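Keep in mind it's a predicted model, so treat the numbers as computed, not measured. Naming convention: chains lettered A, B, ... in sequence-line order (proteins, then strands); numbering from 1 in each chain.
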2 protein chains.
Amino acid sequence: MERKQSSFVILGILAIHPNQTGYEIRKTIEQSVGFFWGESYGQIYPTLKRLVADGLIVASVSGSNTRAGRQEYSTTPDGELRLQEWIAVPYRDDPPRNEFLLKLFFGNDVAPSVSISHIRRFQEKNRSMLMMLLELERQSSGHGSQFPGFPFWMMTLKFGVSQLNASLEWSEAALKMLTEMEARQDSSLRATEAVPPSGDS
Amino acid sequence: MERKQSSFVILGILAIHPNQTGYEIRKTIEQSVGFFWGESYGQIYPTLKRLVADGLIVASVSGSNTRAGRQEYSTTPDGELRLQEWIAVPYRDDPPRNEFLLKLFFGNDVAPSVSISHIRRFQEKNRSMLMMLLELERQSSGHGSQFPGFPFWMMTLKFGVSQLNASLEWSEAALKMLTEMEARQDSSLRATEAVPPSGDS
DNA sequence: ACACACATGTAATTGGTTACATGATTTC
DNA sequence: GAAATCATGTAACCAATTACATGTGTGT
């Protein structure tokens with residue numbers, strides 16, 4: 001409880017890239033840490049207000065883009081400090097909850113085809129995610145290497161890639177096992193249901 | 001919303017292994033799906049009541065173990081059906097949130113040693129987790145292979161193992177990169193701070 | 001003129017953890 | 001007789017998503 005993770009993502013993102021609106025912050029989060037972190041507007045806007053009240057960020061009425069209702073934010077030195085403190089605190093992993101694995105685990109209660117389609121879906125998601133990450137990696141390597149944060153960004157990216165590759169490898173083996181299982185079931189069905197062909201030799 | 005995942009873990013666990021108390025259910029969850037799913041008592045007990053009210057499980061006053069305040073539960077045919085339906089519904093992955101990666105991503109804002117210790121901690125956790133899973137796998141392969149659910153349990157186990165292995169491999173590379181980074185920093189500090197040694201040849 | 005992206009926000013609801021409280025039974 | 005484990009529960013609190021509501025600017 002009372003972890004306020006949302007405020008720290010926002011703080012961290014603004015530290016890297018200041019003068020962003022709530023809307024932009026969300027986009028940036030999606031495009032940078034999106035594969036391992038998500039934030040909704042319902043979380044971002046209230047958090048921004050609280051961060052301003054706490055003096056960790058400031059709202060400026062904008063640099064060049066003067067659009068009605070547009071509000072840009074940046075970190076204050078205080079905010080920067082708080083961010084650094086938070087980063088240094090040992091991370092805590094929240095209780096794991098993987099619905100995909102849970103459904104697979106209970107796979108014996110349903111037809112093999114159900115588990116197969118779960119895994120197929122899993123594969124597709126992983127493949128497209130992997131392509132996105134590789135694309136991001138390719139792009140970043142070009143024009144991004146000038147930023148001081150770059151090595152760290154690459155690190156998290158590579159983590160994602162390695163996990164996805166492992167997932168995909170695993171899924172191939174799992175799928176093979178399940179299709180064999182299904183085949184066995186089908187053949188046993190045939191054996192009991194089908195009328196044995198009369199001797200036709 | 002309204003996903004009620006907790007009820008389905010409980011339903012699924014009771015389907016595999018009936019006649020368990022809330023307390024036991026939690027233990028079973030921990031020991032079987034624990035590495036990818038967690039439930040707290042504050043969730044389990046209220047959920048059990050609701051499941052009884054909905055007719056998806058029944059409470060029996062116990063088989064042999066007649067202990068005061070002890071309440072055993074089992075699934076009803078209805079519960080079994082609902083479970084199967086739920087399993088067949090495409091899984092939904094909840095928004096990812098990995099505090100470890102987030103802190104790493106912001107690593108440029110702190111000393112390299114901070115990120116290094118995060119990764120060290122990550123490695124330790126992964127190593128002990130991996131050992132637990134391998135131990136579980138070893139045990140199961142012996143006496144567990146008789147259960148019809150066995151192949152599915154092994155599947156999820158193997159998933160965990162592959163992810164952990166990938167994580168550990170990645171962490172070695174990441175650590176190497178960071179220690180090099182730290183060394184460069186140290187040497188540049190030395191270069192500016194230290195008094196150049198006078199010619200001592 | 002229309003659609004789409006930009007932009008901000010709130011209310012309702014839920015899902016969940018944590019901490020607290022209590023007591024029985026077993027084991028040493 | 002003390003400690004650990006078994007066993008059940010509730011209250012407080014929080015973090016978060018979703019859906020709703022509203023309006024501006026840009027491009028076609």
Side-chain angles (χ1 to χ4, degrees), chain A residues 1-11 14 19-31 33-34 36-53 57 59-73 86 92-99 102, chain B residues 1-10 14 19-31 34 36-53 57 59-73 86 92-99 102:
Chain A
M1 52 162 63
E2 165 125 5
R3 289 199 275 155
K4 294 165 185 167
Q5 297 175 306
S6 304
S7 26
F8 293 109
V9 208
I10 293 175
L11 231 37
L14 285 179
N19 293 312
Q20 289 185 95
T21 64
Y23 187 85
E24 287 169 337
I25 289 169
R26 207 211 175 183
K27 276 215 146 180
T28 307
I29 288 174
E30 223 171 69
Q31 291 163 7
V33 294
F36 63 81
W37 202 273
E39 287 294 343
S40 61
Y41 290 131
Q43 197 72 357
I44 287 177
Y45 287 111
T47 302
L48 283 171
K49 300 230 146 162
R50 223 203 49 231
L51 285 173
V52 170
I57 64 175
S60 60
V61 197
S62 182
S64 50
N65 190 340
T66 316
R67 184 174 172 164
R70 186 185 154 92
Q71 198 66 265
E72 291 182 354
Y73 299 92
W86 174 78
R92 171 181 160 167
D93 23 36
D94 22 27
R97 293 204 140 192
N98 187 326
E99 191 175 307
L102 192 61
Chain B
M1 297 257 128
E2 159 126 13
R3 290 200 276 154
K4 294 167 186 167
Q5 296 173 306
S6 304
S7 26
F8 292 110
V9 208
I10 293 175
L14 284 180
N19 292 312
Q20 288 186 95
T21 65
Y23 187 83
E24 288 168 338
I25 289 170
R26 207 212 175 181
K27 277 216 144 178
T28 306
I29 288 174
E30 223 171 68
Q31 291 162 8
F36 62 80
W37 201 274
E39 287 295 342
S40 61
Y41 290 130
Q43 197 71 357
I44 288 176
Y45 286 111
T47 303
L48 283 171
K49 300 229 148 162
R50 222 202 51 231
L51 285 173
V52 170
I57 63 175
S60 60
V61 198
S62 180
S64 50
N65 190 340
T66 318
R67 185 174 170 164
R70 185 185 155 92
Q71 197 68 263
E72 292 181 353
Y73 299 92
W86 175 79
R92 172 180 159 167
D93 22 38
D94 21 27
R97 295 204 138 191
N98 188 327
E99 192 177 307
L102 192 61

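- The side chain of A:Tyr73 lies closest to C:dG9, out of C:dT17, D:dT18, C:dG9.
- A sub-4.0 Å separation between OP1 or OP2 of C:dT8 and a side-chain N or O of A:Thr21 is present.
- Phosphate proximity of C:dT8 to A:Lys49: absent, as no side-chain N or O sits under 4.0 Å from OP1 or OP2.
- Taking 4.0 angstrom as the limit, B:Ser6 places none of its side-chain polar atoms (N or O) nearer than this to OP1 or OP2 of C:dG15.
- Remark: side-chain polar atoms of A:Gln43 are not paired, donor with acceptor, to backbone N or O of A:Ser40 under 3.5 angstrom.
- Taking only side-chain nitrogens and oxygens, A:Lys27 never comes nearer than 4.0 Å to OP1 or OP2 of C:dA5.
- Using a 4.0 Å heavy-atom criterion, one finds that B:Gly22 contacts the sugar-phosphate atoms exclusively.
- Looking at the side chain of A:Arg70, the nearest of the listed nucleotides C:dT17, C:dA7, D:dT17 is C:dA7.
- For B:Tyr45, the listed nucleotide lying nearest its side chain is D:dT8; candidates were C:dG9, D:dT8, D:dT18.
- The separation between B:Glu72 atom CD and D:dC6 atom P is 15 Å, rounded to whole Å.
- The phosphate of D:dC6 has OP1 or OP2 within less than 4.0 Å of a side-chain N or O from B:Tyr23.
- Proximity of A:Tyr41 to the phosphate of C:dG9: no side-chain N or O atom is located under 4.0 Å from OP1 or OP2.
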TODO: Verify side-chain contact (heavy atoms from CB on, under 4.5 Å) between A:Leu51 and A:Leu14, making sure each step is shown before the conclusion.
DONE: CA-CA 12 Å; A:Leu51 285 173; A:Leu14 285 179; over 6 Å; no
